2 protein chains.
Amino acid sequence: MTDIIKRLPSLPSERALKVISGRWKAVILYHLFDGPRRLSQLRRLVPAISQKVLIQQLREMEEHGLVHREIFREVPPRVEYSATALGQSLEPVLLALCEWGQRHAQELGEFDQVGDCIIRPRQGA
Amino acid sequence: MTDIIKRLPSLPSERALKVISGRWKAVILYHLFDGPRRLSQLRRLVPAISQKVLIQQLREMEEHGLVHREIFREVPPRVEYSATALGQSLEPVLLALCEWGQRHAQELGEFDQVGDCIIRPRQGA
DNA sequence: TTTCATACTGACCAGTTGGTAACCATGACC
DNA sequence: GGTCATGGTTACCAACTGGTCAGTATGAAA
């Protein structure tokens, strides 16, 4: 069970969907786009997600080359997660998805039920 | 159980992902982008998918406003599935996903394992 | 020695998804 | 009455996903 990487779909669009899909991946990525984050920070930023699942999602993204994991041997231990260049390159794709999601909500008369696309937390406010 | 529509995620990007994700939705949509298709045609175009799942995916997309289903009361019966305007509006999004999927494959040294993005079947050839 | 923070891991479980295989209804045609 | 094509449905099942909850390891600090 060392290689958890299951062959990704050969159709590029399906491959992309497989890599991006995951209950919390978009949210986590949005936070990582803003800079490296520790596990404990992410837990605070996304309180709804359990620790196990958070790590699960991060590890999958690491496997798929979207996220870099760096361990600092301090005490208490520090682990930083950051978006790789490949991960960063997902930002416009996620934006496209977000905009389409808004259009979709609009055309189904549920526009009030969705948020906006700029959910990247600003450092200051 | 009349309304099968389960509330979609309120985060637009997740909403989009939920609507697009589905083992065969991208493939089916690509075929529908080219024009209306009968169920039997789609079965022939995507032989790997079983009839039950094909209908399942089509119905979900119908619910989500991506696909229109029209019944012609002939004998034998004819049913045509076509992409709605909302469905058509997914084309650039799927293209973005496809291009990113290729980049992803490339950076992971698996470029030979993915196809290209122009999988829309041409009428002629 | 107990406690604390950090970052995990493992057992277990329920819901969703995709899949197979079989069956149903209609009406033409022989 | 069979047979065919079309466009379904149904029962059943296995795998995957996300979820809870409890446990582990390290080393400093009290």
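Labels below follow one simple rule: chain letters A, B, ... track the order of the sequence lines, proteins then strands, and each chain is numbered from 1. The model shown is predicted, which means the values in this text are computed figures rather than measured ones.
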- Query: Who else is in the cluster with V75(B) when I, L, V, M, F, W and Y are joined by side-chain contacts under 4.5 Å?
  - Reply: none
- Task: Could you pull out all residues at least two apart from R59(A) that satisfy side chain to side chain donor-acceptor pair (under 3.5 Å)?
- Result: none
- side chain to side chain donor-acceptor pair (under 3.5 Å) involving Q106(A) - partner list, sequence neighbours excluded: none
- Query: Does OP1 or OP2 of dG7(D) have a side-chain N or O of R38(B) closer than 4.0 Å?
  - Reply: yes
- Specify the separation, in whole Å, of atom CD of E74(B) and atom P of dC29(C). 14 Å
- d(CG, L58(B); P, dG18(C)) in whole Å: 13 Å
- Message: Just to verify, what does R78(A) make a side chain to side chain donor-acceptor pair (under 3.5 Å) with, not counting sequence neighbours?
- Response: E74(A), E80(A)
- Rounded to whole Å, CD1 of I55(A) lies from P of dT6(C) at a distance of 13 Å
- Message: Nearest heavy atom decides the nucleotide; on that basis, is R43(B) or S21(A) closer to the 5' end of DNA chain D?
- Response: R43(B)
Check nucleotides 19-28 of chain C for protein N or O atoms closer than 3.5 Å to its own N or O atoms and list the pairs.
| unit_1 | atom_1 | unit_2 | atom_2 | d |
| --- | --- | --- | --- | --- |
| dG19(C) | OP2 | W24(B) | NE1 | 2.7 |
| dG19(C) | N7 | K52(B) | NZ | 3.0 |
| dG19(C) | O6 | K52(B) | NZ | 2.3 |

- Rounded to whole angstroms, how far apart are CE on M61(B) and C1' on dT17(C)? 15 Å
- May I ask you to decide if W24(B)'s main-chain N or O and Q57(B)'s side chain share a donor-acceptor pair within less than 3.5 Å? yes
- Which part of the nucleic acid, if any, lies within reach of Q57(A) when heavy atoms closer than 4.0 Å are counted: base, sugar-phosphate only, or nothing? sugar-phosphate
- Query: Within the structure shown, what part of the strands sits under 4.0 Å from R59(A) by heavy-atom distance: base, sugar-phosphate, or nothing?
  - Reply: sugar-phosphate
- What is the nucleic acid contact for F72(A), judged by heavy atoms within less than 4.0 Å: base, sugar-phosphate only, or nothing? nothing
- Item | Partners passing side chain to side chain contact (heavy atoms under 4.5 Å, CB included) against L86(B) (at least two apart in sequence or in another chain) | W100(A), R103(A), H104(A), E107(A), L108(A), L66(B), T84(B), S89(B)
- Rounded distance (Å) that lies between atom C1' of dA7(C) and atom CD of E62(A): 14 Å
- Message: Using whole Å, what does the distance between atom C1' of nucleotide dG7(D) and atom CZ of R37(B) come to?
- Response: 18 Å
- Message: Measure OH/Y81(B) against P/dT6(D) and give the value in whole Å, please.
- Response: 14 Å
- Taking 4.0 angstrom as the limit, do E110(B) and R7(A) come out as a salt bridge? no
- Take atom NZ of K18(B) and atom P of dG18(D), then tell me their distance rounded to the nearest Å. 10 Å
